Amino acid sequence: MGKALIIGAGGVASVAAHKCCQNSDVFSEICIASRTKLKCDALKKELDGGKTKVETAEVDANNTEMLVSLIKRVKPDVVLNLALPYQDLTIMDACLETRTNYVDTANYEPEDTAKFEYKWQWAYREKFKKAGITALLGSGFDPGVTGVFSAYAQKHYFDEIETIDIVDANAGDHGYPFATNFNPEINIREVSANGSYFENGKFIETPPMAIKKVYDLPQIGPKDIYLLHHEEMESLALNIKGIKRIRFFMTFSQNYLNHLKVLENVGMTSIEPIMYEGREIIPLQFLAAVLPDPSSLGPRTKGKTNIGCIFTGKKDGQEKRYYVYNVCDHEECYKEVGSQAISYTTGVPAMIGAAMVMTGKWNKPGVHNIEEFDPDPFMEELTKFGLPWIEDFSPTLVD
Ligand code: NDP
């Protein structure tokens with residue numbers, strides 16, 4: 001039916017590419033383009049032989065001109081950005097110039113400031129609208145499926161949602177003393193930042209990891225969960241009418257937190273450049289280079305993830321609560337596509353988001369967050385492509 005250009009060839013891109021090939025009715029062709037072409041070629045080798053035609057290319061996604069000439073040559077229906085958040089704007093610029101639809105999984109972050117906000121990408125709204133192309137922002141799991149879950153709860157179960165608690169739990173064990181499940185640099189920037197939550201119309205900041213709760217997660221058991229700032233809260237606060245409070249919690253083991261504290265204390269998580277043997281380096285980038293590559297965790301990781309949203313609100317004047325979540329097994333994911341569950345739970349919705357835009361099921365020129373679209377076709381595809389969801393109409397609340 002159509003063609004997608006995937007930018008990036010890391011953990012998430014690998015799953016998304018596998019899933020595009022499983023959905024060859026929609027993705028008759030894909031091109032995987034990244035900084036290191038060898039990785040794209042290795043991925044192509046795994047994918048060749050199916051119905052989807054796979055090609056590869058080398059691109060520096062920081063360079064808009066290079067991206068424009070690649071898009072002009074490949075002529076995709078959609079660009080699926082699975083590189084790093086630093087490249088969001090250059091890729092959006094290239095999509096504008098070539099009038100190509102755009103999908104990503106993480107909001108823009110300037111490389112020299114650990115601050116992720118939608119304002120930079122929302123500034124493209126009018127330009128995308130005028131060009132008649134759609135930008136779908138945040139089509140991973142969180143952000144991504146959490147926004148789809150919110151739109152689904154709003155559409156089917158509530159007159160008014162009052163609170164949303166997003167709980168992201170990873171009970172996987174990779175056997176390393178310390179490793180991150182996705183890009184280490186992005187992951188450590190996220191967890192070492194101040195926490196925040198939305199309440200009564202404004203965001204309230206907290207010191208990093210200052211709020212800890214314990215929640216008993218289905219199929220995983222009781223876990224320590226910590227309040228973090230997370231990007232989907234910013235768009236959900238605007239798009240879920242009447243919302244009073246949104247919080248985001250993630251599990252961390254004491255071991256992970258101890259390692260992180262030591263690394264912070266010795267300055268290894270800093271993004272301030274330092275001089276080392278005559279050249280400038282950024283300590284966090286150096287740390288990322290010595291940590292295990294997240295894509296190497298697949299064969300070693302055992303256990304499950306559970307990510308979902310707990311809603312409270314009103315329906316027909318009655319108090320109502322609703323919990324919808326997905327449980328994913330690291331070993332099952334590895335058996336299917338050669339990746340652990342964190343890449344899997346992001347790569348599957350990335351493929352589905354691209355498919356929604358390519359098939360025209362989601363066609364709204366402009367720049368939109370995922371909860372602004374009809375959730376029903378996306379929810380159907382989640383089950384079909386490996387992320388079935390479970391509903392609970394009387395969940396325990398986080399507090
Ligand atoms: P990886 O580090 O495994 O992969 C990133 C890929 O991008 C690599 O192939 C890398 O190339 C490539 N890349 C980096 N810079 C450039 C550049 N300038 N030009 C071209 N290619 C480049 O990351 P992940 O796969 O773990 O994560 C991918 C994205 O998914 C990130 O933005 C992350 O924030 C997001 N994510 C979203 C989640 C969600 O639920 N919404 C959850 C997890 C991740 P090279 O191989 O040369 O390094």
Side-chain angles (χ1 to χ4, degrees), residues 5-18 31-43 56-67 70 79-91 94 103-109 111 114 116 118 121 136-149 166 168 170 179-191 228 230-233 235 248 250 285 288-289 291-298 305 307-308 326 328 337-353 369-370 387:
L5 169 60
I6 298 174
I7 308 218
V12 176
S14 165
V15 174
H18 274 91
C31 174
I32 307 162
S34 190
R35 181 167 57 186
T36 314
K37 187 165 176 286
L38 275 179
K39 288 195 191 169
C40 307
D41 293 336
L43 192 50
T56 62
E58 184 177 323
V59 74
D60 175 3
N62 289 319
N63 182 329
T64 302
E65 239 174 73
M66 218 173 162
L67 285 162
L70 176 70
V79 172
L80 179 52
N81 168 14
L82 301 175
L84 299 180
Y86 315 135
Q87 281 89 46
D88 287 3
L89 301 186
T90 42
I91 299 177
V103 176
D104 70 24
T105 66
N107 71 6
Y108 175 70
E109 258 183 84
E111 204 160 349
F116 47 105
Y118 276 116
Q121 290 180 280
L136 167 60
L137 305 185
S139 190
F141 206 106
D142 43 346
V145 177
T146 49
V148 175
F149 283 167
I166 300 166
D168 177 332
N170 179 9
T180 62
N181 298 296
F182 68 96
N183 183 283
E185 189 184 333
I186 305 298
N187 184 235
I188 291 173
R189 280 164 73 116
E190 179 178 296
V191 303
L228 290 188
H230 224 249
E231 61 206 62
E232 65 263 59
M233 290 194 289
S235 67
F248 182 98
M250 196 177 265
Q285 287 179 356
L291 285 175
D293 180 348
S295 61
S296 71
L297 301 180
T305 60
I307 317 175
N326 163 264
C328 202
V337 294
S339 296
Q340 34 83 357
I342 304 300
S343 304
Y344 192 92
T345 52
T346 312
V348 171
M351 177 282 286
I352 297 173
N369 292 86
I370 202 162
L387 294 178

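These numbers come from a predicted model, not from an experiment. Worth knowing before you read on, the calculation uses all heavy atoms, side chains too, and leaves out hydrogens, waters and symmetry mates. Order of listing sets the numbers, starting from 1, for every ligand and every atom in it.
Only the backbone of L82 comes within contact range of ligand 1, with a heavy atom under 4.0 Å; no side-chain atom does. With a 4.0 Å cut-off on non-hydrogen atoms, P294 does not touch ligand 1 at all.
With atom 29 (C) of ligand 1 as the reference point, the heavy atom nearest to it among A83, A33, G8 is part of A83. The closest non-hydrogen atom to atom 5 (C) of ligand 1, taken over D293, L84, L67, comes from L84.
Considering both main-chain and side-chain atoms, I342 never comes within under 3.5 Å of ligand 1 through any nitrogen or oxygen pair. Any N or O atom pair closer than 3.5 Å counts here, and I186 shares no such pair with ligand 1. Polar contact check, F141 against ligand 1: a nitrogen or oxygen pair lies under 3.5 Å apart.
With ligand atoms numbered from 1 in the order given, ligand 1 contributes 18 (N) to contacts under 4.0 Å with heavy atoms of N62. Short contacts between ligand 1 and G11, defined as distances under 4.0 Å to a heavy atom of the residue, involve ligand atoms 3 (O), 25 (O). The contact set between ligand 1 and K39, taken as ligand atoms under 4.0 Å from a residue heavy atom, comprises 45 (P), 46 (O), 48 (O). When each atom of ligand 1 is checked for a heavy atom of V59 under 4.0 Å away, the hits are 19 (N), 20 (C). Within ligand 1, counting atoms from 1 as listed, the ones closer than 4.0 Å to a heavy atom of A106 are 32 (O), 34 (O).
The closest approach between any non-hydrogen atom of P143 and ligand 1 is below 4.0 Å. Within the 4.0 Å heavy-atom cutoff, P85 counts among the residues contacting ligand 1. Heavy atoms of S34 approach ligand 1 to within less than 4.0 angstrom.
For the pair E231 (side chain) and N107 (backbone), a donor-acceptor distance under 3.5 Å is present. A donor-acceptor pair under 3.5 Å is formed between the side chain of Q87 and the backbone N or O of L84. No donor-acceptor pair under 3.5 Å is formed between the side chain of T64 and the backbone N or O of A94. Between the side chain of T90 and the backbone N or O of A61 there is at least one donor-acceptor pair closer than 3.5 Å.
More than 12 non-hydrogen atoms from other residues, nucleotides or ligands lie less than 6.0 angstrom from CD of Q285.
For atom 9 (O) of ligand 1, the closest non-hydrogen atom of the protein is A9 N, 2.9 Å. When hydrogens are left out, the protein atom nearest atom 24 (P) of ligand 1 is V12 CG2, 3.8 Å; that is the closest non-hydrogen contact. In this structure, the protein non-hydrogen atom closest to atom 4 (O) of ligand 1 is G10 CA, 3.3 Å. Of all protein heavy atoms, the one closest to atom 47 (O) of ligand 1 is T36 OG1, 2.4 Å. Ranking the protein heavy atoms by distance from atom 44 (C) of ligand 1 puts F182 CD1, 3.6 Å first. Nearest protein heavy-atom contact of atom 23 (O) of ligand 1 is N183 CB, 3.6 Å. Protein heavy atom at the shortest distance from atom 48 (O) of ligand 1 is R35 NH2, 2.8 Å. When only non-hydrogen protein atoms are considered, atom 35 (C) of ligand 1 lies nearest to T105 OG1, 3.3 Å.
In this structure, the side chains of I352 and S139 stay at 4.5 Å or more apart for every pair of heavy atoms. Considering only heavy atoms from C-beta on, Y118 comes within 4.5 Å of L137 through its side chain. Side-chain contact between N170 and M250 is absent, with no heavy atoms from C-beta onward closer than 4.5 Å. With contacts defined as side-chain heavy-atom distances shorter than 4.5 Å, the pair I91/D104 does not qualify. Counting only heavy atoms from C-beta outward, the side chains of N326 and V145 never approach each other to under 4.5 Å. D60 has its side chain out of reach of R35: every pair of non-hydrogen atoms, C-beta onward, lies at least 4.5 Å apart.
With Y86 as reference, E185 is the one residue of E109, E185, E111 to meet the side chain to side chain donor-acceptor pair (under 3.5 Å) rule.
The aromatic rings of H230 and F248 lie parallel to each other, their planes meeting at an angle below 30°, with 60° marking the opposite boundary.
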Verdict with reasoning, D88 to N81, per side chain to side chain donor-acceptor pair (under 3.5 Å)
CA-CA 7 Å; D88 287 3; N81 168 14; 2.8 Å; yes
